[in-house]
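Working notes for the structure below.
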Amino acid sequence: MSDATQGGAPPKGNDPVFKFLAGCALVAGGLIALCVVVASFVAWKLVRDETPARAEESLPDGSETRYWCLDLRPGDAGVQALLDRAAEINDTTRRQVVRGTVLEGVPLPSRHARLDEIAPLKLEFSMFLTEPSKGPQTLQGWIGRGTISHSVLRLRAAVRLMGWLFARKSGAVEPIDIGGVHVMHAKGKDLEFAVATVGNRLLVTSDDERMRRLLDAPPRTPSSYAQEQDPLRKAVRLEGEDGWALERDLLTGDPSHPLAVARSAASFDFNEQDEVRFRIAVANGFPGSVDDCRAVASSYLVGLPPEMIEIDGDGATSLGQETKIFSGRVAEVSERLGALVERFSEKVEEKARPSANPTPPSPPPRSDPRTGTPEGRPHAENPTPAR
């Protein structure tokens, strides 16, 4: 006779507790599988490249008024020395902040930047100004591009997630499509910009129209234009160059036009002595005195006052017909950059800090004790009768 007939425990497969637990396990497994599928789909949407075969944008193209390029490469001893020095200054500042507090004896975590973890890295910035013949030059727009080699997927995900969050929070961000490229266009009361990721490049422009021009322009090799059509660019290039810049007088929109060549060009190199060396060539009858050279260098080294810039020799020397060239350096670059960042942070905090003398609130209106209504000025046409 079976165990069930003899009143024993039912078979394990027919146990109601076992059936309940098995059902819960199936439901939990299904939910986990669904979450994995949804998370994988969202991650794929965030990191995918919509236009994987798209050619690099034409930057510079000869129409910009000013152009800067910082091109960092692995193994550059000068740049690595700059990063090490900046990290040392940062650690010293942190220790000074916590001195005399309970955190002074606590080992604070720190992470030093390594060049091989961020390079190759290329940062570019173009500025478009009005023509000098039309009066004082004003800013028409700008373009920024970053070409990275590490954490490309994180960059795409961060940009798209930021656009989604801003769109839900303020409604001032709208997604637009330009040639198959997803662009985040933000427009507020005092600020407007457009952001897009294409391959391993991050594009940021002053407005959506500037982004449209950049993405719709026919592809071209930017380096060939910079090296072959700008004689000043070839003349100033330093060995071990880390950055370079161009400045033009007119906006022609045609790279082959004679007026599209640079009025001045600069080359920069960071060395192991915590210096940035530069060489600059200027055309169009440049006087070439030490003060003139320092003023031109200051226009390229934005944020550094002219007195921090040292010019070699007695100024510029002749390079050709109406063209002169000069060189110089800026010492203690890491400390000067740290001071600039500190001043910028102080200005930001000052703007965010409430006023020291806030406007006192208006006193509440007094009420007439007889009526309980606010007391007002009697009307001229209804004077208060004499008692």
Inset, instruction - May I ask you to check whether over 12 heavy atoms, not counting those of Asp314, lie within 6.0 Å of atom CG? - result: no

Inset, instruction - Over all heavy atoms of both residues, which pair between Tyr300 and Ala265 is shortest? Give the atoms and the distance, please. - result: OH-N, 3.7 Å

Inset, instruction - Determine the minimum heavy-atom distance between Ile280 and Val236, stating which atoms define it. - result: C-CG1, 3.9 Å

Inset, instruction - Could you check if a side-chain atom of Trp244 sits within less than 4.5 angstrom of a side-chain atom of Phe278, using non-hydrogen atoms only? - result: no

Inset, instruction - Report yes or no: is the cationic atom of Arg210 (NZ for Lys, CZ for Arg) closer than 6.0 Å to the six-membered ring centre of Phe193, at no more than 45° off its axis? - result: no

Inset, instruction - With the side chain counted from C-beta on, respond yes when Asp291 and Ile311 share a heavy-atom pair under 4.5 Å apart, and no when they do not. - result: no

Inset, instruction - Would you please test Leu203 and Val198 for side-chain contact (heavy atoms from CB on, under 4.5 Å) and show each step? - result: CA-CA 8 Å; Leu203 307 177; Val198 184; 4.0 Å; yes

Inset, instruction - Determine the minimum heavy-atom distance between Lys324 and Gly288, stating which atoms define it. - result: CD-CA, 4.4 Å

Inset, instruction - Any chance you could measure Gln273, atom CD, to Arg85, atom CZ, to the nearest 0.5 Å? - result: 13.5 Å

Legend entry - pair Pro120-Arg73: side-chain heavy atoms closer than 4.5 Å: no

Legend entry - Cluster link Val330 to Leu238, ILVMFWY, side chain under 4.5 Å: no

Inset, instruction - Take Asn200 and Ser149 through the side-chain contact (heavy atoms from CB on, under 4.5 Å) test and state the conclusion after the steps. - result: CA-CA 7 Å; Asn200 65 335; Ser149 56; 5.7 Å; no

Legend entry - Closest contact, heavy atoms only, Ala194 versus Met211: O-CE, 3.5 Å

Inset, instruction - Check whether the side chains of Asp84 and Gln80 place a donor and an acceptor atom closer than 3.5 Å, and report yes or no. - result: yes

Inset, instruction - Taking all non-hydrogen atoms of both residues into account, name the closest pair between Cys293 and Phe286 and its distance. - result: N-CZ, 3.8 Å

Inset, instruction - Mark yes or no for whether His150, through its side chain, and Ala119, through its backbone, hold a donor-acceptor pair below 3.5 Å. - result: yes

Legend entry - From CG (Leu301) to CZ (Arg294), nearest 0.5 Å: 12.0 Å

Inset, instruction - Let me see the working for Asp242 and Asp76 under side-chain contact (heavy atoms from CB on, under 4.5 Å), right down to the final yes or no. - result: CA-CA 9 Å; Asp242 296 314; Asp76 191 309; 2.5 Å; yes

Legend entry - All side chain to side chain contact (heavy atoms under 4.5 Å, CB included) counterparts of Pro287, not counting sequence neighbours: Asp292

Legend entry - Test side-chain hydrogen bond (donor to acceptor under 3.5 Å, both in side chains) applied to His185 - qualifying residues, sequence neighbours left out: Glu174, Glu192

Inset, instruction - May I ask you to say whether Glu310 pairs ionically with Arg277, meaning some side-chain N is under 4.0 Å from a carboxylate O? - result: no

Legend entry - Ion pair check, Asp269 and Arg279, cut-off under 4.0 Å: no

Inset, instruction - Can you measure from CD1 (Ile118) to CD1 (Ile148) and round to the nearest 0.5 angstrom? - result: 11.5 Å

Legend entry - Atom pair CZ/OG of Arg156 and Ser151 - distance to nearest 0.5 Å: 12.0 Å

Inset, instruction - Given side-chain contact (heavy atoms from CB on, under 4.5 Å), test Glu56 with Arg145 step by step and report yes or no. - result: CA-CA 11 Å; Glu56 185 177 342; Arg145 180 174 66 181; 3.2 Å; yes

Legend entry - 4.5 Å side-chain heavy-atom contact, Ile309 and Ser298: yes

Legend entry - Heavy-atom side-chain proximity of Val333 to Phe270 below 4.5 angstrom: yes

Legend entry - Value rounded to 0.5 Å, distance of OG in Ser58 from CG in Asp216: 11.5 Å

Legend entry - Candidate list Val152, Val159, Leu153, test side-chain contact (heavy atoms from CB on, under 4.5 Å), partner Leu155, passing option: Val159

Inset, instruction - Would you give the length of the straight line joining atom CZ of Arg66 to atom CZ of Arg263, rounded to the nearest 0.5 angstrom? - result: 8.0 Å

Legend entry - Path from Ile178 to Leu59 over hydrophobic side-chain contacts below 4.5 Å: yes

Inset, instruction - Please name the pair of heavy atoms, one in Trp68 and one in Ser299, separated by the smallest distance, quoted to 0.1 Å. - result: CZ2-O, 4.0 Å

Inset, instruction - Would you mind reporting whether Leu246 and Arg233 have side-chain heavy atoms less than 4.5 Å apart? - result: yes

Inset, instruction - Report yes if some heavy atom in the side chain of Leu202 is under 4.5 Å from a heavy atom in the side chain of Val204; otherwise report no. - result: yes

Legend entry - Leu139 and Leu129, any side-chain heavy atoms less than 4.5 Å apart: yes

